[in-house]
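As the structure lists them, so they are numbered: ligands from 1, and atoms in each ligand from 1.
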Amino acid sequence: MEVVVCPSSEAAVTLTARLVEAEIRARPTAVLGLATGRTMEDVYAALVASGASFAGVTTFNLDEYVGLPPDDPNAYAAYMAHHLFARTDIDPDNTHLPDGMADDIARAAEDYEARITAAGGIDLQLLGIGETGHIGFNEPLSSLRSRTRDKILTPTTRAQNAAMFGGDPERVPARALTMGVGTILESRRLLLLACGQAKAEVVARAIEGPVTAAISASAIQFHNACQVVLDAEAASALQGRDYYDFIVCNEPKWDPHRDLLEIAST
Ligand code: GLP
């Protein structure tokens, strides 16, 4: 794992967007795994502004609320259309989200896994982190081998996401269809972005704590190609920050991307 700490959230967002952009410029037919949440909104804005072509790109989102039609403004399908898909040249047929309106949710979950496999797997999976330590909607005690399935959302998550539902946690759907932790770990590369003081504690537990199903994001420690981009606030509870900074400064594989690090440090 590589942890890159940027001085501001703007810099962390810029670096994350540039890393995704570099992936699709290097591999125009990349399969991207996408995340939602407020943190990602600026990443998508930066990607749109980059002018990079998504014409050959295929996407799979991590999750979708159960029971919200795709055109509901709070559905992640609507979020993705608004923030990214409608603003790029991506072929809508190549964009995938779990079907939270399916009559048979278990079958929709299996179908989603099959679609990921048929696309050849995910090259780069973008991740945020929830205050419960979830990636996707893998709430605490999700099996670290879990596959796409529906999960009940914790009161903490419904409170965290209530702002998008008029501030009322009761209006946040109770369940979501989410890629499993095992599904996420099969992506060839992981890129997790977290910003803000509210994430500091859970970020430290995910990166430095024991691997535990109580913090599903801690499973990223099993992945052999995982980058974590943080702003200074989200990094503020880390014990090993000096060492992580040392690695980034001395790691030759960053050399071709020094320009990215410079962007991120300003
Ligand atoms: C939702 C998504 C997660 C995301 C999280 C973070 O719960 N299901 O994938 O990581 O939001 O949200 P925010 O960026 O708004 O803090």
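- Sorted by first then second residue, the salt bridge (charged side-chain N to carboxylate O under 4.0 Å, His left out) pairs that include residues 216-226, not counting sequence neighbours, number zero.
- Looking at residues two or more places apart in sequence or on another chain, you find a side-chain hydrogen bond (donor to acceptor under 3.5 Å, both in side chains) between Arg175 and Asp150.
- Taking 4.5 Å as the limit, every side-chain heavy atom of Asp91 sits out of range of all side-chain heavy atoms of Thr58.
- Using a cutoff of 4.0 Å between basic side-chain nitrogens and carboxylate oxygens, Glu21 and Arg18 are scored as salt-bridged.
- Here salt bridge (charged side-chain N to carboxylate O under 4.0 Å, His left out) pairs that include residues 213-241, with residues two or more places apart or in two chains, are Arg241-Asp245.
- Within 4.0 Å of ligand 1, counting heavy atoms only, the contacting residues are Thr36, Gly37, Arg38, Thr39, Asp63, Tyr76, Gly128, Ile129, His134, Gly136, Phe137, Gln160, Asn161, Lys199.
- Centroid-to-centroid, the aromatic rings of Tyr65 and Phe137 come within less than 6.0 Å.
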